Every structure is written in structure tokens, then in C-alpha cells.
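Naming convention: chains lettered A, B, ... in sequence-line order (proteins, then strands); numbering from 1 in each chain. Note that the structure is predicted; figures quoted are calculated from it, not measured.
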Amino acid sequence: MSDSNSNFIEVRDLTFYRGERVIYQNVNLDIPRGKITAIMGPSGTGKTTLLRLIGGQLKPDSGTITVDGENIPDLPRKELFELRSRMGMLFQSGALFTDISVFDNVAFPLRVHSNLPKDMIRDVVLMKLHAVGLRGARDLMPSELSGGMARRVALARAIALDPDLVMYDEPFAGQDPVAMGVVVQLIRLLNDALGHTSIIVSHDVEETASIADYIYVVADGEVIGQGAPDEVLNSEQPRLRQFMKGLPDGPVPFHFPARDLTDDLLAGVDK
Amino acid sequence: MIIQALRRVGSKGVSFLDTFGASGMFLFQSLIAMPNLRNSFPLLVKQIYSVGVLSLIIIMVSGLFIGMVLALQGYNILARYGSEQALGQLVSLTLLRELGPVVAALLFAGRAGSALTAEIGLMKSTEQLASLEMIGVDPLRRVIAPRFWAGVICMPILAILFSTVGIWGASLVGVDWLGVYSGSFWANMQDSVQFTDDVLNGIIKSVAFGFVVTWIAVFQGYDAVPTSEGIGRATTRTVVYASLAILGLDFILTAVMFGDL
Amino acid sequence: MRIRTLEISVGAFMMAGFAGLIFLALKVSGLTLDSASESYKVSASFENIGGLTVRAKVTMAGVEIGRVSDIYLDKENFVGVVNMDIYQQFDNLSIDSTAAILTAGVLGEKYIGIVVGAEDEYLVDGDEIEDTQSALVLEDLISKFLFNKTQED
């Protein structure tokens with residue numbers, strides 16, 4: 001698996017149901033090693049679910065998810081936890097542990113997975129916090145951070161163990177323009193500096209397209225388009241075009257299915 | 001109509017069994033996953049603080065008042081038969097056998113149980129549990145197990161303190177205020193209270209209550225729908241289920257311990 | 001610093017629980033830690049023990065000098081035998097002392113009252129008090145009273 005051109009993650013024929021609802025139907029994805037791959041799509045299409053499937057928190061109904069040569073759904077619990085120590089995940093809400101300080105949050109994965117002495121851990125934590133520009137905030141509690149800062153701390157925690165894979169779940173959602181710009185730049189910088197593989201799940205077209213190397217667009221349980229950012233942005237395929245340009249009407253209708261407006265108004269009373 | 005009602009009862013029953021089984025599995029998984037002592041001891045201490053120490057005030061104050069009320073009521077009734085000196089016996093047996101464990105557990109469910117459910121539900125909704133899993137730490141081991149053990153450890157301590165403060169409050173009212181002779185108050189109590197039968201059985205009861213209340217609380221939190229509404233519902237469920245479980249279990253335990261069953 | 005106060009308060013909490021348990025054991029249920037070592041056993045037979053219980057007080061002149069340790073029925077003589085632990089410091093009870101089962105108040109607890117005799121020899125471990133007076137049973141008293149009344153008429 002040392003071949004640097006190979007794909008870090010290969011998803012084959014993935015099918016996943018939530019209850020009766022189809023989330024994914026025979027989806028195939030390749031995540032190349034060392035690149036930033038974006039998975040885009042409208043809200044509610046299960047983009048986060050895909051990250052959880054890769055992280056092994058959910059099991060697919062069929063299909064394989066191979067991460068660095070190992071099929072996630074088949075892994076025994078212990079080896080799965082082992083593999084997870086090589087993955088970092090940035091959750092949408094940051095998911096910092098609210099009962100411990102910023103420093104302890106970043107130190108947490110190090111203390112769990114390594115036997116480093118105390119001063120080494122301190123050095124590593126400070127370096128990671130420095131990378132996200134929050135070395136000075138190490139003694140604050142998560143409740144004292146702004147949303148953007150919390151996400152940066154969470155990012156520092158996600159990269160604490162120098163993982164091979166970092167997954168970003170909606171890293172741009174709900175951020176002010178400055179904070180968003182910082183995160184965009186950080187993702188690119190960290191990816192280039194540390195050489196890990198990145199997956200971004202997002203529906204923010206502009207920001208994602210500006211840093212991604214490759215984009216998949218998923219909707220209705222399948223991949224509706226893929227390619228380099230330019231190709232996807234300029235695609236003439238109607239569904240892709242509607243999503244990327246943010247058009248209010250198109251293949252995805254503006255109106256929720258309903259009967260004809262005139263009929264509805266004339267009916268007077270709902271039965 | 002009847003068939004429909006039956007069907008509904010049946011499906012309720014099945015879903016109850018389903019939940020019950022799931023919570024049993026959940027408890028089992030949390031408990032077999034007791035990790036090494038060095039790492040988990042600080043976590044346990046922290047939880048004993050938030051579950052036990054923070055419940056102390058409400059337990060002590062309630063115990064004091066219940067003891068004082070028992071003394072007042074008991075004195076008025078006993079005085080009719082001219083046997084006020086049996087007041088110590090009445091208060092201590094009532095507190096040690098029943099009111100201590102039961103009322104302390106009900107207060108515990110309201111104070112600590114609901115807080116546990118809300119806290120774990122919130123950790124779930126803010127993805128802290130998922131994030132623990134992604135870091136490669138079992139949330140059952142890290143989050144649930146210490147809270148569970150803290151509940152089981154704290155409950156008997158709280159019940160003991162409840163009874164102690166209650167008896168002290170009763171002596172305050174009975175001896176210092178109503179004028180029962182203090183020698184006969186305590187002597188009567190000591191003659192009728194058996195350490196194994198009354199004190200130990202009360203403690204066993206409270207351990208059982210602590211087990212059940214914390215079990216319900218942590219499971220409801222872990223199982224909560226991760227929205228603010230879902231957490232609110234789960235918290236209510238914790239208090240309701242835990243209270244019912246305490247009272248039902250109390251009947252069974254009393255029947256076994258004192259009813260010659 | 002915050003974590004220190006937390007640990008200290010947890011420690012204090014555990015200690016308070018332990019102290020509460022000790023209070024319940026010693027003060028409320030009257031458990032004595034050294035009852036076994038510093039007492040000697042004396043037994044007495046009664047025709048009727050009338051509601052005496054184990055761990056009832058044994059008194060002399062109203063002062064507690066021991067506890068009832070055991071009650072059983074002597075199957076040959078059909079009398080109730082009561083074993084008492086008398087505290088070691090009261091080692092000068094003469095062998096002709098009398099024991100009576102008394103009641104504190106109308107509804108109060110039963111206890112044993114011992115009245116010392118005149119002999120120079122003292123009771124030692126394993127001795128029996130011969131002279132006993134059974135508990136007053138209310139029904140017997142009433143029937144005796146009525147019997148006397150009818151005889152007088």
C-alpha cells in the first residue's frame with residue numbers, strides 16, 4: 001500500500017438504508033491519497049452518513065468500503081479502533097468535550113493512543129494549537145470560545161495524532177466570512193503541509209470548489225456528477241448545474257409536490 | 001375494535017421488551033468494559049462529585065424536615081396512649097426501613113438522574129459521543145460506566161445521610177422542643193432497631209435503587225433523540241420511570257425483607 | 001486548583017457517609033463494638049418471658065448493667081431461658097440475686113431488673129440466677145383480679 005498513486009479509500013457498490021429510506025444505492029467512490037476530495041450535495045442526502053460509514057460508526061447494508069486496503073465493515077472492533085486512531089474527524093458542531101479545557105481536548109487523543117511523556121504531549125499540543133492560531137487560548141474552556149474558534153480547536157484535535165485521513169463534516173456551515181476564510185485556508189495548508197488525505201463534506205459550493213482537488217456530487221442516493229472543480233462548476237448537466245449555480249428551480253422542483261394551485265384554492269376547505 | 005386494541009397492547013409489549021433488552025445489553029456492555037483503575041479513577045471521582053456531592057444539600061434538607069415532621073406527627077399520636085418515649089423507635093424504624101431509602105432515591109432521581117440524562121443526551125446531540133468513538137474511545141467505557149458506578153456508590157451514602165439527619169431532626173423536635181426524655185428516646189430506639197435487620201436492609205434497598213435509577217438515567221440519555229425536544233422528553237421519562245421503578249421495587253424488597261416471603 | 005477542591009469535597013462526602021453509618025450503628029441501633037470481650041454470661045429461667053426481646057436491657061437500680069443475648073425454651077422443664085451479657089465492671093453481683101422481667105411504662109419495652117442479694121459469693125461466667133420473677137402478663141392480672149373480686153362477694 002505504499003504506492004502513492006493508489007486510492008486511499010475505495011467505496012464499491014455501497015448500499016445503505018435508514019429504515020425504509022434509501023440513503024445510498026450502489027454508490028462507487030474513490031478518494032485519492034494525499035488530495036482534498038469534496039463530497040457535495042443538497043442537505044439531507046446523507047453526506048454525513050457517508051463519513052460515518054467510512055469511520056465504521058455505521059455498517060452498510062451491502063458493498064465494501066476499503067480504507068488503506070482494509071474493508072471497514074469486516075473489521076473486528078479492536079482493529080477498527082486501531083484504524084480510527086489514523087483518522088481525524090472534524091464534526092459539524094466541533095464536538096469539543098465541554099468538561100475539559102482546550103488544551104486537554106487537543107491532548108485527549110494523544111493520551112489515549114500514545115505513551116508519550118507529559119512534556120512531549122505538551123509540545124505536540126502547543127504545536128497543533130499554534131497551527132490553528134489558538135496557542136494563546138489553551139486554558140479556555142470550550143464554552144468560552146466563539147463558533148469559529150471552537151471549530152479550529154476541533155481541527156487541532158483532529159490532526160493531533162498526525163492522521164492519514166482527515167474528514168471534515170460541513171466545515172463552513174454557520175461561520176462568519178472571516179472565520180470561514182480561515183478554515184478554508186487551514187484545510188488547504190494543513191493538507192499540503194502534513195500530506196494527509198482529506199475529505200470535505202459540504203454544500204457550500206464556492207468555498208469547497210476553491211480548495212478541493214476533486215468533487216463528487218451526490219443526490220438522491222447516487223453520484224450525479226464528479227470531476228475537477230472547473231468541470232463540475234461548468235457542467236451542463238441540469239441537476240449538477242442547478243446545484244452548483246444555486247438555481248431555485250430545475251430538476252429539483254421549487255414546490256413540494258401538491259395539487260394544482262387553482263384547484264386547491266377553489267376547494268375552500270381541506271377535508 | 002377489540003382486536004385492534006389487543007394488537008396495540010401487543011405491539012406496545014413487544015416494543016417495551018425491545019427497549020428493555022436493549023437497555024440490558026447497554027448496561028452489560030458498559031460494565032464489562034470497566035477499564036484500568038489508573039485512568040478511570042479520576043473520572044469516577046468527578047462523577048461522584050456531580051452525582052453525589054451536588055445532591056447533598058437537597059437530601060440533607062429534605063431529611064431534616066421529614067424527620068422533624070415525623071417527630072411532630074408521631075408525638076401527637078403516641079401522646080394519646082401516653083407512650084411518647086416510643087417516639088425514637090417510631091422515627092428511626094420509619095426512616096431506616098422506608099423513608100430514608102425511598103425518599104432519598106426519589107430525590108436522587110429528580111436531582112441527579114435527570115441531570116445525568118440531560119448531560120448524556122446533550123453530549124450525544126453535540127456529537128461528543130460520536131467524536132469519542134472516532135478518536136477510538138468507547139463512549140460506554142468513558143462516559144457511561146463512571147456515571148453508572150458513581151450512582152451506585154452515591155445512593156446508599158445519600159440514604160444513610162438522609163436517615164441520619166432525619167433522626168437528628170426528630171430528636172431536635174421530640175427531645176428539645178416537645179420534651180420527650182432524651183434517655184428514653186434514644187434507649188427505646190436502640191432497643192428496637194436491629195443493625196442487620198433495619199440498618200443493613202435499608203442500605204441494601206438504597207443500593208438497589210441507586211442501580212435502577214442510574215441505569216434508567218444513563219440509558220435514557222444515551223437513547224435520547226438528539227434534539228432539544230428529545231432530550232427534554234428523555235429527562236421527563238427518566239424521572240417518571242425511575243420513580244415508578246423505585247416504588248415498585250420497594251414493595252418487592254420490603255416483602256422479601258420484612259414480610260417473611 | 002479546581003480539581004483539588006473537587007477531590008476534597010468527594011472525600012468529605014465519602015467520610016460523611018461513613019460517619020453517618022457509624023452514627024446509625026452505634027447511636028441508633030445501639031451496636032457496641034466491645035460487647036463480647038468485656039462481659040460475662042449469666043442465665044435465668046422464667047415461667048413467662050412475656051415479650052422480652054434479644055438485646056433488651058438488663059438493669060440494676062435502673063442503671064443498665066448488661067444486655068439480653070439469647071432467649072430460648074428449655075424443652076425439658078418448659079421454661080423460658082434468658083442468657084444475659086453482664087458488663088465486666090459489675091462483677092460483684094451476689095449469687096442469690098433475683099431477676100424480674102419489668103415493663104417501662106404501659107406500652108414501653110420489656111427489660112430485666114436485677115436486685116442484689118446478701119451472699120458474699122459473686123456470680124461468675126456461666127452461672128444461673130435461681131430466683132426469678134416472670135413478666136406480668138396483663139390477661140393474668142385481670143383474671144386474678146376478677147377471681148379475687150368474686151371470692152370477696
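To the nearest 0.5 angstrom, C:M15 atom CE is 11.0 Å from B:I157 atom CD1. For the atom pair CG of C:L24 and CD1 of B:I203, the computed distance is 7.0 Å after rounding to the nearest 0.5 Å. Here OG of C:S9 is found 8.0 Å from CG of B:L54. Values are rounded to the nearest 0.5 Å. Remark: C:L21 CG to B:L200 CG distance equals 7.5 Å, nearest 0.5 Å.
In C:D120, the CG atom is not crowded: 12 or fewer heavy atoms of neighbouring residues, nucleotides or ligands sit closer than 6.0 Å. In this structure, B:E98 places its CD atom where more than 12 heavy-atom neighbours from other residues, nucleotides or ligands lie under 6.0 Å away. Surrounding CD of C:Q89 are more than 12 heavy atoms belonging to other residues, nucleotides or ligands, all under 6.0 Å away. At most 12 non-hydrogen atoms from other residues, nucleotides or ligands lie less than 6.0 angstrom from CD of C:E47. Other residues, nucleotides and ligands place no more than 12 heavy atoms under 6.0 Å from the CD1 atom of B:I57. Sparse packing is recorded around CD of B:Q73, with 12 or fewer heavy atoms of other residues, nucleotides or ligands lying under 6.0 Å away.
When heavy atoms are compared at a cutoff of 4.5 Å, B:V45 approaches chain C by way of both its backbone and its side chain. Within the 4.5 angstrom heavy-atom criterion, only side-chain atoms of B:L96, from C-beta onward, approach chain C.
No other option in B:G52, B:P156, B:G202, B:S92 has as many heavy-atom pairs under 4.5 Å with chain C as B:G52. Ranked by heavy-atom pairs shorter than 4.5 Å toward chain C, the options B:C154, B:A187, B:S184 are led by B:C154.
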*Just do the side chain to side chain contact (heavy atoms under 4.5 Å, CB included) check on C:F13 and B:L158 with the steps written out, would you?*
CA-CA 9 Å; C:F13 173 68; B:L158 292 172; 3.7 Å; yes

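Distance alone, capped at 3.5 Å, is enough to place a donor-acceptor pair between the B:Q190 side chain and the C:K27 backbone.
Heavy-atom minimum distance, B:Q194 versus C:V54: NE2-O, 4.2 Å.
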